[in-house]
Amino acid sequence: MRRIIIAIDGYVATGKSTTARGVAARLNYLHIDSGAMYRALAWYLLESGIRTPDEAAIQKVLVEFAIHLEREGQEMVVYLGDRRLEKELRQPEVASFASVISAIAAVREKMVAEQQRLGKGGGIVMDGRDIGTVVFPHAELKVFMVADLEARARRRYEELRQRGYEVSLQAVKAEIAERDHRDETRLISPLRRAPDAKILDTTYLTIPQQIDQVVAWAEACIFAPQTS
Ligand code: DC
């Protein structure tokens, strides 16, 4: 059976990673969360005291930035050296700084090269911002996820509250809108829908419904007669 590349892009808190993880589980594919790679660099920079997008300082860090991903079941988990990063990457300030440093060309070059290496054999679901446009422009299936800002803010707010963060709905909404704006307006590889991407609006969908839809699209693609 063909093992395709599924590229999932979209706005903050549309459910990209959760959907990608569920699709990978259903198809027995590997899930790669590309955002976790940008977050890992952001976390490392913040830990090193670099809090602004100082390109010269970041270029230096990139030389020795030993990111690698290891397979755990169907997930690719991010490691820096032998430190496994997970909870660290979910902090709101790390997400926000990831969005800032992801506008730097050298950062994107390093991450994109690694993502292409990881996914080249197919049988993967990768989610991010530029997967269908830049990382895998020839992916067999591209999905672009959207949802109303209000619904996304509420989801992220509830998730953060559950994890013990004292945040207000207004602040979460503002942070999401700011990050979307930054991701959409950066010069290099901005968040864009690839012309051949299918739009998945998750405003009124549950996670199982989102997964079902992407799996249905994937199966249509996997079982379609091949033209060559
Ligand atoms: O998907 P996420 O929220 O974990 O991503 C965090 C930030 O990383 C996001 O705001 C922009 C950046 N990012 C990117 O520029 N390209 C990707 N493929 C994935 C994430």
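Only heavy atoms go into these numbers, but all of them, side chains included; no hydrogens, no water, no symmetry mates. Each ligand, and each atom within it, is numbered from 1 in the order the structure gives.
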Inset, instruction - Anything under 30° is parallel, anything over 60° is perpendicular, the rest tilted; go ahead and classify Phe65 against Tyr44. - result: tilted
Legend entry - Aromatic contact, Tyr165 with Tyr157 (centres under 6.0 Å): no
Exam field: side chain [X] to backbone [Y], donor-acceptor pair closer than 3.5 Å:
X      : Y      : value
Gln74  : Leu30  : no
Asp148 : Glu150 : no
Gln115 : Ala113 : no

Inset, instruction - Would you please name every residue forming a side chain to side chain contact (heavy atoms under 4.5 Å, CB included) with Glu166, sequence neighbours left out? - result: Arg161
Legend entry - Residues lining ligand 1 [heavy-atom distance under 4.0 Å, listed by chain and residue number]: Ser34, Gly35, Tyr38, Arg39, Ala98, Ser99, Ser102, Arg108, Gly128, Arg129, Asp130, Ile131, Arg179, Asp183, Arg186
